[in-house]
Every structure is written in C-alpha cells, then in structure tokens.
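Working notes, beginning with the structure itself.
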Amino acid sequence: MARHFLTLNDLTPQELDAVVDHASKLRNEWRQGKIRDTLRNRVLAMIFEKSSTRTRVSFEAGMTQLGGSALFLSPRDTQLGRGEPVEDSAIVISSMVDAVMIRTFDHDTVETFAASSSKPVINALTDDYHPCQLLADMQTFREHRGSIRGATVTWVGDGNNMCHSYMNAAAQFDFNLRIACPEGYDPDPNLLQAHADRVEVVRDPVEAARGSHLLVTDVWASMGQEDEQKAREKAFQEYQISPALMQVADKQALFMHCLPAHRGEEISADMMEHKSSVVWDEAENRLHAQKALLEFLILNRLD
Ligand code: CP
Ligand code: NVA
C-alpha cells in the first residue's frame, strides 16, 4: 500500500519531524552545490486544477535536482477535464509514474484519487488543506528559532485551507494556536472541536497576537472565491498583520505568509521586509521540504 500525504495527519509526529530535519539537511547540501540523485529515473505527475507559482516550481525543480523529472498535467489538456472518472485516471497515471501531486478544489477529489492510486499521492492544496506549506513553515520556524514545541502561534485572517493545516500542525508539532478571524469566517467547527485542547478562536487580533511567537496570515479571498473579494475586504478590515501588531507579540516573534501576498489587505505594505519577516526563506523551503517529502514517500526512507 502506498503512503499518501493528503493532510499532516497522514504522517506521525516523529515522521514529520524527520522530514523537516531532512529538509534542512537537503537545503544545506544544495547550497553547497552537492549533487544528489536519489530519485534518478523517477517521475512525478503534477495535476494542477488551480494556479500556482511556488508549488509548481518547487516540485518540478525538486524532482529535477534529485535526478528525476516531473510532468505538468492540466485538466484543459487531459481527459480529467473531459469527465474521465478520477478513479480511472488514478489507476492509469499511477501505473506509469512514481508519485502524483494534485492541486484541486474539493478535498474529496484527492481522497478519491488516492484510494485508487498504487503510488503515493500528495495534496498540493485543496479548498480544505495545504499540508505541503506547513512542512516549509515548520522547517522555517525551526531554522530560525529552534523547536516550535510549546510555542504560541497566531493565525490572523480567514479560517481557510491554510488555517486548517495550521490546526493540524498544532497537534502534530505540539504548539498552541490562536485564530483571529471575523465572525462568519471561522474554520471548520468539527476541526475546532477536535483540537479544542490547543486551538482557540480569539476575535480580537491584538489579543490573539499578544505574546505570540509566530504570526501568520493568508489572502482574504482564496482561489475560487474571487466573487467574494468585495464582501471580504469589508469583513476583514481589522484583520491585517502590520508592524504595530507585531509590537504586541513576543520580541522574537516571526512573521510568515504562504504567498502570494496582497499588500494593503492582509498585510501592511511594509510587512514583507519587516525584521520579523521570514517569508522568502519560507517560500524557498517549499523546495527543500518537498524534496524531503518526495524521498520519504517514494523511497520509504530518509538518509
Ligand atoms: N504558497 C503557495 O502554495 O503558492 P502557489 O499558489 O504559488 O503555489
Ligand atoms: N488560501 C490560499 C492559499 C494559496 C497558496 C488559496 O487557497 O488560494
């Protein structure tokens, strides 16, 4: 049976720690110019039903750097876009490649694909979760501040796919999470209930940020919610990360954003370059974290 990575819960906390540590090792090796070809002749199929910059470049470059290759598949040019059942596509595609990465709308689609796939399936973002981003975020925190265990993390903004993955991360990496979101934009109530021991909704972003070790946000309107942009701009007015908000956080607090960022909306114009910001490392770490994940899933080992 292939191991999949549809949410952070598909790996144990120990496995997640090992992947994140391995990612830092790969980053150092890569920066030293060392050649690594652990995935020689291996192929990753990448199915994108939504736009992407970081995810596509990091997976494609990552496979090439490890000696393998990646195929970009869009529904526009494949039979998936013409109604071939997901199950049939999964059987066929997985019979020819070594792993499949999917970015799509319904989380059910990646689950359905994985159930019929003979090879590992990686969720590269659905409407509900974005676990690959969390590997990079956890790696980045660890590289800058050491273990995140016991820390307080504050999510400011929409209770969206990224927020849900932060909720899973709170349990898997053992930290506390405060979610500052406007009413009507809460995360999934079932997930909130399941994580009630370490995750709480705090409406006031200033209260939520007080003493926190990491402030994170994301766009107000995610992909697929373009029609709601105007309504969301109104609802999220008070939910912006700015240097003033960082002031109430811990002195050593970091700022992260999965990107793309909308300056003047979820962050003030000066936040990307603020001294607390690690957004560029966070983005680069998508490459290293996913190379570690690919080795883990395809080779079943990390060394
Ligand atoms: N953060 C992230 O997943 O970026 P892309 O949408 O550019 O892949
Ligand atoms: N929440 C955002 C994340 C983009 C990487 C979206 O789903 O569009």
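Fair warning: this is a prediction, and the values are worked out from it, not measured in the lab. Computed over heavy atoms, backbone and side chain alike; hydrogens, waters and symmetry mates excluded. Atoms within each ligand, like the ligands themselves, are counted from 1 in listed order.
Near C258, the atoms of ligand 1 lying under 4.0 angstrom from a non-hydrogen atom of the residue are 1 (N). Interface of H130 with ligand 1, defined as ligand atoms under 4.0 Å from a residue heavy atom, comprises 2 (C), 3 (O). Heavy-atom proximity to N160, at under 4.0 Å, picks out these atoms of ligand 2: 1 (N). For ligand 1 and T53, the ligand atoms under 4.0 Å from any heavy atom of the residue are 5 (P), 7 (O), 8 (O). Interface atoms of ligand 1 facing R54, defined by a heavy-atom separation under 4.0 Å, are 1 (N), 2 (C), 4 (O), 5 (P), 7 (O), 8 (O). With ligand atoms numbered from 1 in the order given, ligand 1 contributes 1 (N), 2 (C), 4 (O) to contacts under 4.0 Å with heavy atoms of L259.
The closest approach between R103 and ligand 1 falls below 4.0 Å for a heavy atom of the residue. The shortest heavy-atom distance from L259 to ligand 2 is under 4.0 Å. Ligand 1 lies within reach of R286, whose nearest heavy atom is under 4.0 Å from it.
A cation-pi arrangement is present between R56 and F72 under the rule of less than 6.0 angstrom and at most 45 degrees off the ring axis.
At under 3.5 Å, a nitrogen or oxygen of D218, whether backbone or side chain, sits near a nitrogen or oxygen of ligand 2. Checking only distances, K50 never comes within under 3.5 Å of ligand 2, N or O to N or O. Ligand 1 has an N or O atom lying under 3.5 Å from an N or O atom of S52, backbone or side chain. For ligand 2, none of its N or O atoms has an N or O atom of H130 under 3.5 Å away.
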Show the numbers, then the answer: is there a salt bridge (Lys or Arg N to Asp or Glu O under 4.0 Å) between D281 and R286?
CA-CA 9 Å; D281 281 344; R286 294 292 304 281; over 6 Å; no
Working note: R31 + E284, criterion salt bridge (Lys or Arg N to Asp or Glu O under 4.0 Å); need CA distance, chi angles, decisive distance, verdict.
CA-CA 12 Å; R31 293 207 159 191; E284 182 191 316; 2.5 Å; yes
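The option with the heavy atom closest to atom 4 (C) of ligand 2, from among V219, T55, L125, is L125.
Around atom CD of Q193, no more than 12 heavy atoms belonging to other residues, nucleotides or ligands sit under 6.0 Å away. Counting heavy-atom neighbours within 6.0 Å of Q32 CD, excluding the residue itself, gives a total above 12. Annotation: E238, atom CD; neighbour count of heavy atoms from other residues, nucleotides and ligands within 6.0 Å does not exceed 12.
Between R36 and E29 there is a salt bridge, with a side-chain nitrogen of the basic residue lying less than 4.0 Å from a carboxylate oxygen of the acidic one.
When each of N176, V153, L177, N168 is tested with V199 by the rule side-chain contact (heavy atoms from CB on, under 4.5 Å), just one qualifies, namely L177.
Taking the six-membered ring for Trp and the full ring otherwise, H288 and W30 have centroids separated by under 6.0 Å.
In this structure, atom 7 (O) of ligand 2 lies nearest to the protein heavy atom N161 ND2, 2.8 Å. If you check which protein heavy atom lies closest to atom 8 (O) of ligand 2, you get M223 N, 2.8 Å.
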Sequence neighbours excluded and cut-off under 3.5 Å, please list the side-chain donor-acceptor pairs for residues 244-258, or say none.
unit_1	atom_1	unit_2	atom_2	d
D250	OD2	Q252	N	2.9
H257	ND1	L259	N	2.8
H257	NE2	E266	OE2	2.7

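Ring pair H107/Y129 is perpendicular by interplanar angle, where above 60° counts as perpendicular and below 30° as parallel.
When heavy-atom distances to ligand 2 are checked against a 4.0 Å cut-off, D158 has no atom that comes that close, whether in backbone or side chain.
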